[in-house]
Amino acid sequence: MSKSIAIDGPAGAGKSTIAKMVAKELGFIYVDTGAMYRAMALYMIKNGIDPSESEKISATCQSADITIKYEDGVQVVYLNGENVNGQIRTEAVGNMASASSVNGDVRKKLVELQQKLAQTTDVVMDGRDIGTVVLPGADLKVYLTASSKVRADRRYKELVAKGVDCDFDAIEKDIIDRDYRDMHREISPLKQAEDAILVDSSDMTIEQVAGKILELYKNVTE
Ligand code: DC
């Protein structure tokens, strides 16, 4: 049977960076489920759909063929045959992903894809509903969080380093709004699974968090 680690938590908690490090160390594949929701959101944007048009979102998602490939160890997301890795990291796509991921038809489609991947491969999978819905039987479940100030500060520094002009308060507000949407949606809201271990990364380095998760995994598999 394949092995799995589920990492859930709010935006900007460091899930993807840490999940990648843990996957590399264990020789597992890192599955970024947020990228799949982002690819779906990009498809909605390309089709001129508004986040409030839930019926259109349900209908349109049926014609989105999202697949994942690994090229040189990097996850590449294909949307109807096109590599969209370079188009899904914008704030606009992130906000649309948060809005369109409330849709039950979108979730059903992507959860099936994620479960299929984990059936045949050892995975570290990150997202919002991995421990609660996608992989309820995961060997280890981690709920990774950090304060909104710390998460906004990380995002702010990332953008400044890229030379993007930005406003700290606006970034923090965006993070708080997105958390609210992700935690209060009707289907599969972001929450800590009962058997998940809480890790607060506010005062930890990336290496310390990755080390902690590897230690937790060792404990459950020994
Ligand atoms: O992790 P991220 O920022 O790339 O995710 C983008 C959005 O996708 C996020 O606001 C919520 C949604 N998402 C989800 O609903 N379920 C997941 N398993 C992963 C992401």
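Numbering of ligands and ligand atoms starts at 1, following listing order.
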Positive for side chain to side chain donor-acceptor pair (under 3.5 Å) with Ser98, one of Arg38, Arg128, Arg181: Arg181
Below a 4.0 angstrom heavy-atom separation, can you tell me which part of Arg178, side chain or backbone, both or neither, approaches ligand 1? side chain
Kindly give the heavy-atom pair with the smallest separation between Ala13 and Thr145, and that separation in Å. CB-CA, 3.9 Å
Atom 9 (C) of ligand 1 [closest protein heavy-atom partner, distance rounded to 0.1 Å]: Arg128 NH2, 3.4 Å
Contact summary for Ala146 and Arg154, nearest pair of heavy atoms: CB-NH1, 4.0 Å
Among Arg38, Arg107, Gln114, Met40, which one has a heavy atom closest to atom 16 (N) of ligand 1? Arg107
What donor-acceptor contacts under 3.5 angstrom involve side-chain atoms of residues 60-70, with partners at least two apart or in another chain?
| from | atom 1 | to | atom 2 | distance (Å) |
| --- | --- | --- | --- | --- |
| Thr60 | OG1 | Lys56 | O | 2.6 |
| Gln62 | NE2 | Ser58 | O | 3.3 |
| Ser63 | OG | Tyr43 | OH | 2.9 |
| Ser63 | OG | Thr60 | O | 3.0 |
| Tyr70 | OH | Tyr30 | O | 3.0 |
| Tyr70 | OH | Gln75 | OE1 | 3.3 |

When you measure from the side chain of Asp126 to the backbone of Ile7, do you find a donor-acceptor pair of N or O atoms at a distance under 3.5 Å? no
Does the Asn47 side chain pair with the main chain of Ile49, one donor and one acceptor, at a distance under 3.5 Å? no
Contact check, Arg181 vs ligand 1, heavy-atom distance below 4.0 Å: no
Considering only non-hydrogen protein atoms, determine which one is nearest to atom 19 (C) of ligand 1 and report residue, atom name and distance to 0.1 Å. Thr33 OG1, 3.4 Å
Taking atom 8 (O) of ligand 1 as the reference point, the nearest protein heavy atom with its distance: Tyr37 CB, 3.5 Å
So, regarding Asp126 and ligand 1 (criterion: nitrogen or oxygen to nitrogen or oxygen, under 3.5 Å), is there a contact or not? no
With atoms numbered from 1 as shown, which atoms in ligand 1 lie under 4.0 angstrom from a non-hydrogen atom of Ser101? 11 (C), 12 (C), 15 (O)
Treating Thr132 as the side-chain partner and Ala193 as the backbone partner, does any N or O pair qualify as donor plus acceptor under 3.5 Å? no
Atom 7 (C) of ligand 1 has as its nearest protein heavy atom Ala97 CB, 3.7 Å
Of all the atoms in ligand 1, which lie at a distance below 4.0 Å from a heavy atom belonging to Asp182? 9 (C), 10 (O), 11 (C)
